[in-house]
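Convention: sequence-line order gives letters A, B, ...; per-chain numbering from 1. In this text the structure is predicted, and so the values were computed from the model without any measurement.
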There are 2 protein chains.
Amino acid sequence: MPNLAPEGELQLVPIGDFTTEAGATIQDAHIAYQRWGQFRGDPKGDNNILVVEHALTGDSNAAEWWSGAIGPGKALDTDTWCVICTNVIGSCYGSTGPASTHPDGAAWGSRFPALSVRDQVRAERTLFTQLGIHRVHAIMGGSMGGARTLEWTLLYPESVGYACVMAVSARASAWQIGIQEAQIYAIVRDPNWHGGDYYSTGTSPDEGLAAARRIAHLTYRGELEIDERFGTSAQEGENPLGPYREHDQRFAVQSYLDYQGQKLVKRFDAGAYVTLTEAMNRHDIGRGRGGLNKALHSSTVPTMIVGVDTDILYPYHQQEHMSRNLGNLLGMHKLSSPVGHDAFLVEARQMDNILRNFIALTSA
Amino acid sequence: MPNLAPEGELQLVPIGDFTTEAGATIQDAHIAYQRWGQFRGDPKGDNNILVVEHALTGDSNAAEWWSGAIGPGKALDTDTWCVICTNVIGSCYGSTGPASTHPDGAAWGSRFPALSVRDQVRAERTLFTQLGIHRVHAIMGGSMGGARTLEWTLLYPESVGYACVMAVSARASAWQIGIQEAQIYAIVRDPNWHGGDYYSTGTSPDEGLAAARRIAHLTYRGELEIDERFGTSAQEGENPLGPYREHDQRFAVQSYLDYQGQKLVKRFDAGAYVTLTEAMNRHDIGRGRGGLNKALHSSTVPTMIVGVDTDILYPYHQQEHMSRNLGNLLGMHKLSSPVGHDAFLVEARQMDNILRNFIALTSA
């Protein structure tokens with residue numbers, strides 16, 4: 001039996017030196033994870049593990065950020081299933097990332113290498129091996145979590161029973177690279193960035209990170225939803241229609257985006273944001289596998305694809321493309337929502353149906 | 001007979017002191033314009049003037065930037081019609097803007113007031129009055145040019161025979177304000193911005209303007225088109241998949257966007273960019289007119305609406321909304337194109353059909 005972390009408790013596991021796809025090494029890397037529900041079954045064969053992969057700025061506390069889906073009696077029923085969520089390498093919630101301490105005692109900063117989604121999955125796989133787990137029942141995730149899920153099915157098909165890939169594509173599109181690069185640029189142009197080595201300066205590129213998040217948020221949320229909420233309303237007490245442009249006289253949507261930016265600055269590291277955003281630029285399951293469709297076709301893991309009709313970051317045609325080409329398609333679901341990309345986190349009722357359907361199909 | 005500029009020649013016309021909707025005054029303002037084709041008819045009644053309104057960073061040289069549409073034998077046939085295009089106030093192509101010389105001899109800079117789309121139209125109307133023209137056969141334009149066209153029909157319905165409003169909405173959406181504000185922010189955070197008063201410093205916020213343009217370009221072009229062209233290809237001779245993130249090791253799409261940014265820096269002023277972008281934030285035909293639908297319904301000028309099926313900046317449902325509510329709808333056209341917003345400039349064949357249809361309907 002694998003010796004797993006106590007229910008819900010954050011545990012850090014050393015995975016040793018980790019060398020990336022591009023050949024850089026992170027010495028003495030750690031992966032953080034959390035678990036809910038009792039493990040049952042064979043750690044090398046059939047068991048009840050469901051792996052949940054978080055999105056870009058997520059953490060391993062899936063029972064909190066996906067509370068509608070995980071828990072007793074919920075779609076991912078912790079009375080039946082053992083749910084595990086790891087913090088991705090490169091992040092700042094326990095796993096080793098740019099803000100972590102290098103073996104020399106200072107922060108990794110600019111010495112932290114670039115990561116690919118495959119690196120993220122390889123590091124996670126190493127964690128599972130450390131835990132004595134060689135196969136899981138199913139893996140699922142949305143956005144960056146969906147990219148990781150898809151790479152799992154291609155890197156380690158023998159280790160994954162089923163997969164559910166949500167709100168993502170088989171590779172970065174040029175548009176995604178462009179808008180993600182705009183976010184990276186906002187951060188690295190912040191004078192407090194210091195080439196990524198700001199950790200000992202007593203400051204951090206908060207303005208840049210907030211600017212990046214404001215741009216990102218506009219790709220996470222559908223324009224219909226944002227417009228329904230804010231339209232051209234002025235922020236209360238402010239006048240964005242004055243005789244001169246003034247930065248503190250805002251439309252309501254500006255105040256909302258400022259708030260989203262500030263909220264992220266309080267909880268996330270700019271270096272991790274750059275590292276993980278760049279990993280999404282490198283997302284391409286076709287690389288070294290004879291191209292996109294050949295890679296999709298080679299997939300043997302039964303995989304469900306989920307998309308959102310109003311997603312502008314990962315438009316629905318990208319999920320349709322995956323569904324048409326996947327070697328072993330388990331099913332396809334479309335979330336219908338004005339919310340856009342974030343619908344997989346927000347549309348609890350529809351997601352509940354989809355996840356119950358997914359779990360039922362994997363248990364048939 | 002109005003005394004118009006020689007064929008194709010840029011002419012600057014003083015329009016005196018101009019006071020904005022919000023109450024600031026631009027002393028000794030000028031409007032630049034160009035003309036093609038002979039004027040015929042009554043400057044106060046029926047005549048052959050077609051006014052073409054340019055988009056955000058456009059100029060009055062419509063015969064160049066819309067060469068597929070304007071000229072002898074073309075949809076806007078200069079053998080028949082007298083085509084006039086003005087440079088919008090706040091721009092940097094002849095009309096008074098932030099880079100222009102203030103009466104005190106220095107640049108306007110931060111003293112240049114905020115503009116609304118109504119201000120732009122009021123200034124243009126003043127020019128026409130100066131030229132002795134009190135009515136035009138038709139006005140047309142896309143994007144910011146479409147916003148101006150729509151405001152013409154509501155501010156001066158007695159002066160406009162017909163209108164063609166392309167790739168725009170009846171007001172800014174919250175999403176548009178958000179993404180436009182991200183562009184403004186990129187500029188005003190550039191250390192060379194100097195609060196808008198950089199004109200005497202010998203530098204200019206080129207980095208910020210380029211960053212703004214890169215973001216903007218991703219809203220002007222459909223993700224399908226950009227992805228078809230670039231996908232995840234590396235820029236020739238560069239490796240974006242190296243062991244560390246390096247800004248000069250780019251994907252092809254980054255190089256393309258860098259080029260778009262640099263191209264704009266060479267031809268456009270950052271202050272004008274901020275002024276005109278902010279004017280689009282203020283675009284709202286419902287303001288002071290009992291709301292959006294009441295304003296649309298009050299319109300008496302026969303107006304054609306044109307949209308693009310893949311436009312993410314002004315999604316097609318915004319044009320559908322206008323067409324459903326306009327008081328005097330002349331017709332509705334949808335451009336089908338992977339190009340997105342810019343299709344009204346790029347899809348020459350479809351635009352030719354649409355413009356010929358528009359002109360025919362106005363001549364019936």
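- For the set B:Asn239, B:Leu257, B:Leu224, the entry with the most heavy-atom pairs within less than 4.5 Å of chain A is B:Leu224.
- Taking each heavy atom of A:Trp175 and B:Leu218 in turn, the nearest pair found is NE1-O, 2.6 Å.
- A heavy-atom distance below 4.5 Å is not found between the side chains of B:Thr20 and A:Tyr244.
- For A:Gln318, the part lying under 4.5 angstrom from a heavy atom of chain B is the side chain only.
- In this structure, chain B has heavy atoms under 4.5 Å from both the backbone and the side chain of A:Ile226.
- Annotation: maximal heavy-atom pairing with chain B below 4.5 Å, among A:Glu21, A:Arg287, A:Glu181, A:His247, occurs at A:Glu181.
- A donor-acceptor distance shorter than 3.5 angstrom exists from the side chain of B:Arg282 to the backbone of A:Pro240, with no hydrogens or angles considered.
- When only modelled atom types and interatomic distance are considered, A:Glu223 and B:Tyr314 share no side-chain donor-acceptor pair under 3.5 Å.
- Put simply, of B:Ala22, B:Ala252, B:Ala174, the one with the most heavy-atom pairs under 4.5 Å next to chain A is B:Ala174.
- Between B:Pro191 and A:Arg189, some side-chain heavy-atom pair lies under the 4.5 Å cut-off.
- In terms of heavy-atom pairs under 4.5 angstrom with chain A, the leader among B:Tyr256, B:Phe251, B:Phe230 is B:Phe251.
- At a 4.5 Å heavy-atom cutoff, the contact between A:Ser110 and chain B is made by backbone atoms alone.
- For A:His217, no part lies near chain B; criterion is any non-hydrogen pair under 4.5 Å.
- For a residue to count as touching a neighbouring chain, one of its non-hydrogen atoms must lie under 4.5 Å from one of that chain's; by this rule B:Glu207 touches chain A with backbone and side chain alike.
- Side-chain atoms of A:Gln254 and B:Tyr185 form no donor-acceptor pair, as typed in the model, at a separation below 3.5 Å.
- With a 4.5 angstrom heavy-atom cutoff, A:Ala182 touches chain B only via side-chain atoms.
- Annotation: maximal heavy-atom pairing with chain A below 4.5 Å, among B:Arg250, B:Arg111, B:Glu246, B:Gln176, occurs at B:Arg111.
- Contact of B:Leu241 with chain A is made through backbone and side chain together, with heavy-atom distances under 4.5 Å.
- Among the candidates B:Val274, B:Leu115, B:Thr232, the residue making the largest number of heavy-atom pairs closer than 4.5 Å to chain A is B:Thr232.
- Across every non-hydrogen atom of A:Gly242 and B:Ala114, the tightest pair is O-CB, 3.9 Å.
- Only the side chain of B:Ile215 has a heavy atom closer than 4.5 Å to any heavy atom of chain A.
- Ranking B:Ala24, B:Ala172, B:Gly231, B:Gly23 against chain A, the residue ahead of the rest is B:Gly231, based on heavy-atom pairs under 4.5 Å.
- A donor-acceptor pair under 3.5 Å is absent between the side-chain atoms of A:Arg245 and the main chain of B:Glu278, judged by distance alone.
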